[in-house]
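What follows is one structure encoded as structure tokens, with my remarks underneath.
This chain uses plain numbering: 1 for the first residue, then up along the sequence. Worth knowing before you read on, the calculation uses all heavy atoms, side chains too, and leaves out hydrogens, waters and symmetry mates.
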Amino acid sequence: MTTSTSKKNSQEYINLENQHGAHNYHPLPVVLSKGEGVYVWDVSGKRYYDFLSAYSAVNQGHCHPRIVETLKQQAETLTLTSRAFYNDVLGPFEKYITEYFGFDKVLPMNTGAEAVETAIKICRKWGYEKKGVEENKGQIVVFDQNFHGRTTTIISFSSDPDAKRNFGPYTHGFIKVTYNDLDALKEVFEDNKNIVGVLVEPIQGEAGVMVPGESFLKNVAKICKEHNALFMADEIQTGIGRTGSLLAVCGNCTCSGHCEQQSTYIKPDLLILGKALSGGGYPVSAVLADNPIMEVITPGTHGSTFGGNPLGAKVAMTALEVIRDEKLTQNARKLGKIFRTRMEKLIEKTELICLVRGKGLLNAIVINDHPDSSTAWDICVALSENGLLAKPTHGNIIRFAPPLVMDEEQLHECCDIIEKTILNFKQKA
Ligand SMILES: *Cc1c(COP(=O)(O)O)cnc(C)c1O
């Protein structure tokens with residue numbers, strides 16, 4: 001295939017999306033048609049390293065053979081029963097995931113936003129039925145610059161004007177405080193008996209990989225406990241190995257399953273998972289909690305036609321097995337250190353990047369330009385030309401989050417691509 005026809009091919013697909021799809025995204029001009037492990041290929045056959053991993057939904061790598069095999073087998077056997085009946089996969093999945101993460105119970109849903117909605121509903125109901133807050137008075141604390149999804153309730157407490165503007169009227173009952181500011185958090189709890197929970201991202205991914213101070217999460221949990229409010233961890237992006245521990249709330253523990261290392265583990269009252277629970281194959285999300293909390297959910301109070309379907313349940317189980325069997329958590333931790341060391345060396349050689357931050361394989365570099373400039377976007381376009389796909393977030397920040405199945409040699413090759421691209425980059429006037 002010649003370059004000109006392949007270019008035309010890509011443009012044709014882009015035109016189709018532009019003409020027939022809602023313009024709710026602004027993709028890089030790359031049209032992908034195949035994926036395997038850490039690689040994706042475009043329609044002309046050009047290979048790229050994927051440094052976004054579908055926002056951390058493909059931690060296990062593209063088209064992982066075990067996950068694909070599970071999908072195929074279960075798709076040929078039983079895909080959907082609804083929860084009107086039992087099926088022979090949901091129970092084993094529920095046992096597996098609750099033991100894996102150390103909770104009594106799980107409530108399975110499909111997408112991340114649905115799981116966040118589920119956690120909010122459980123938290124409010126718990127507040128009225130267990131904590132004794134007067135009905136409709138419950139409040140949930142959230143953080144500035146949060147990202148928890150796109151439903152009407154969730155965008156009601158977003159700080160992003162694009163996500164929020166003209167989608168009102170908004171859902172009440174949320175108090176926003178500055179991320180990583182414990183005094184601000186303590187202050188809102190003072191004289192407020194109606195707070196039923198705190199919803200937090202252990203690292204703010206969409207905000208630009210904002211890593212809070214060492215003791216922040218521990219103290220959020222402590223404040224919640226003192227005030228009898230639920231500590232809700234949204235680990236949709238940070239969980240399942242991404243940050244070099246099974247969950248970001250596991251701190252520095254590297255074990256590949258649940259443990260309660262008192263020194264670092266902070267057990268959330270409600271744990272919210274999504275993205276990589278899918279193994280990149282089939283959307284599955286979940287909320288985990290212990291009995292005293294989950295028991296507020298009774299027949300008819302919450303549900304989803306597809307939540308807990310046998311296809312998703314089977315895929316999620318395999319997705320978690322792959323994380324454990326291939327030691328992807330440990331690999332993320334090891335490679336993350338190498339990545340940040342390489343980026344720090346690069347920062348010494350260029351004015352274009354001013355900072356690298358992150359944990360495990362959830363990292364970002366900050367471009368030394370105004371957030372409204374197109375520099376980060378232009379760098380991402382140049383990176384794609386050199387065979388590496390990444391996307392800017394919040395203007396001048398580029399997130400780097402490859403699949404966790406990457407090996408050390410590949411990572412160094414990727415760092416070479418980033419280095420070469422940055423050092424050769426000519427800023428537009
Ligand atoms: C992606 C994400 C969500 C939303 O998940 P969807 O599957 O897109 O609905 C919620 N919270 C966090 C932290 C996320 O990164």
Side-chain angles (χ1 to χ4, degrees), residues 103-107 109 112-159 163-164 167-179 181-202 217 219-236 249 266-274 285-304:
F103 287 84
D104 291 341
K105 289 211 164 57
V106 63
L107 200 164
M109 296 293 283
E114 282 177 305
V116 172
E117 287 276 348
T118 300
I120 290 170
K121 287 174 74 177
I122 295 171
C123 182
R124 284 177 163 183
K125 205 160 190 287
W126 173 89
Y128 304 131
E129 295 174 9
K130 300 275 185 159
K131 181 169 172 164
V133 171
E134 189 188 332
E135 204 186 335
N136 295 329
K137 292 275 158 64
Q139 291 183 309
I140 290 172
V141 179
V142 296
F143 293 93
D144 212 22
Q145 307 303 322
N146 67 73
F147 183 84
H148 296 288
R150 301 294 198 162
T151 64
T152 313
T153 287
I154 293 169
I155 59 104
S156 293
F157 53 82
S158 173
S159 319
K164 187 163 178 174
F167 292 121
Y170 304 112
T171 308
H172 296 291
F174 298 95
I175 307 172
K176 211 180 315 171
V177 304
T178 307
Y179 192 64
D181 184 343
L182 288 167
D183 291 331
L185 184 63
K186 281 179 196 154
E187 211 177 295
V188 297
F189 270 99
E190 272 168 30
D191 303 320
N192 191 338
K193 299 268 173 274
N194 292 333
I195 295 176
V196 292
V198 175
L199 175 62
V200 63
E201 295 161 88
L217 292 171
N219 280 305
V220 173
K222 189 167 152 242
I223 293 166
C224 283
K225 200 163 219 110
E226 282 167 10
H227 295 273
N228 193 25
L230 301 184
F231 172 49
M232 293 182 273
D234 180 348
E235 293 251 16
I236 291 169
V249 291
I266 310 150
K267 185 173 175 173
D269 297 305
L270 287 163
L271 171 64
I272 308 166
L273 298 175
S285 66
V287 176
L288 292 111
D290 285 339
N291 287 331
I293 295 167
M294 199 63 101
E295 71 194 16
V296 302
I297 295 297
T298 53
T301 54
H302 191 53
S304 158

Inter-residue atom distance Ile293.CD1 - Lys105.NZ, 0.5 Å rounding:
12.0 Å
Might you point out which heavy atoms bring Ala113 and Arg150 nearest each other, and give the distance in Å?
CB-N, 4.1 Å
For Ser159 and Gln145, work out which heavy atoms get closest and say how close.
OG-N, 2.8 Å
For Asp269 and Phe231, indicate whether the former's side chain and the latter's backbone hold a donor-acceptor pair under 3.5 Å.
yes
Residues in ring pair (Phe, Tyr, Trp, His ring centres under 6.0 Å) with Phe143, at least two apart?
Tyr179, Phe216
Closest non-hydrogen atom pair between Ile266 and Ala221, with its separation
CG2-CB, 3.3 Å
Is the number of heavy atoms from other residues, nucleotides or ligands within 6.0 Å of CZ (Phe167) greater than 12?
no
Are the side chains of Leu270 and Trp126 in contact, using a 4.5 Å heavy-atom criterion?
no
Between Ile297 and the options Leu107, Val287, Thr118, the side-chain contact (heavy atoms from CB on, under 4.5 Å) test singles out Leu107
Below 4.5 Å, heavy atoms only, C-beta onward: do Phe103 and Pro268 meet side chain to side chain?
yes
Sequence neighbours left out, cut at 3.5 Å: what donor-acceptor pairs do the side chains of residues 185-202 make with other protein atoms?
| from | atom 1 | to | atom 2 | distance (Å) |
| --- | --- | --- | --- | --- |
| Asn192 | OD1 | Asn194 | N | 2.9 |
| Asn192 | ND2 | Gln139 | OE1 | 2.8 |
| Glu201 | OE2 | Phe147 | N | 2.9 |

Taking only Lys NZ, Arg NE, NH1 and NH2, and the carboxylate oxygens of Asp or Glu, determine whether Lys130 and Glu295 approach each other closer than 4.0 Å.
yes
Output the distance between atom CD1 (Ile155) and atom CG (Asn146), rounded to the nearest 0.5 Å.
11.0 Å
Nearest-0.5 Å distance, CZ of residue Arg124 to CD1 of residue Ile140:
5.5 Å
N/O donor-acceptor pair under 3.5 Å between Lys176 side chain and Ser158 backbone
yes
Student check: side-chain heavy atoms of Tyr128 and Val296 closer than 4.5 Å
no
Between Phe157 and Thr171, is there a side-chain heavy-atom distance shorter than 4.5 Å?
no
Distance (rounded to the nearest 0.5 Å) between Met232 CE and Ile120 CD1:
6.5 Å
Is the number of heavy atoms from other residues, nucleotides or ligands within 6.0 Å of NZ (Lys164) greater than 12?
yes
Could I get the full list of salt bridge (Lys or Arg N to Asp or Glu O under 4.0 Å) partners for Asp290, not counting sequence neighbours?
Lys267
Side chain proximity check, His302 to Met109, heavy atoms < 4.5 angstrom
yes
Is there side-chain contact between Ile272 and His148, with heavy atoms separated by less than 4.5 Å?
no
With rounding to the nearest 0.5 angstrom, report the NZ to CG distance, Lys225 to Leu230.
10.5 Å
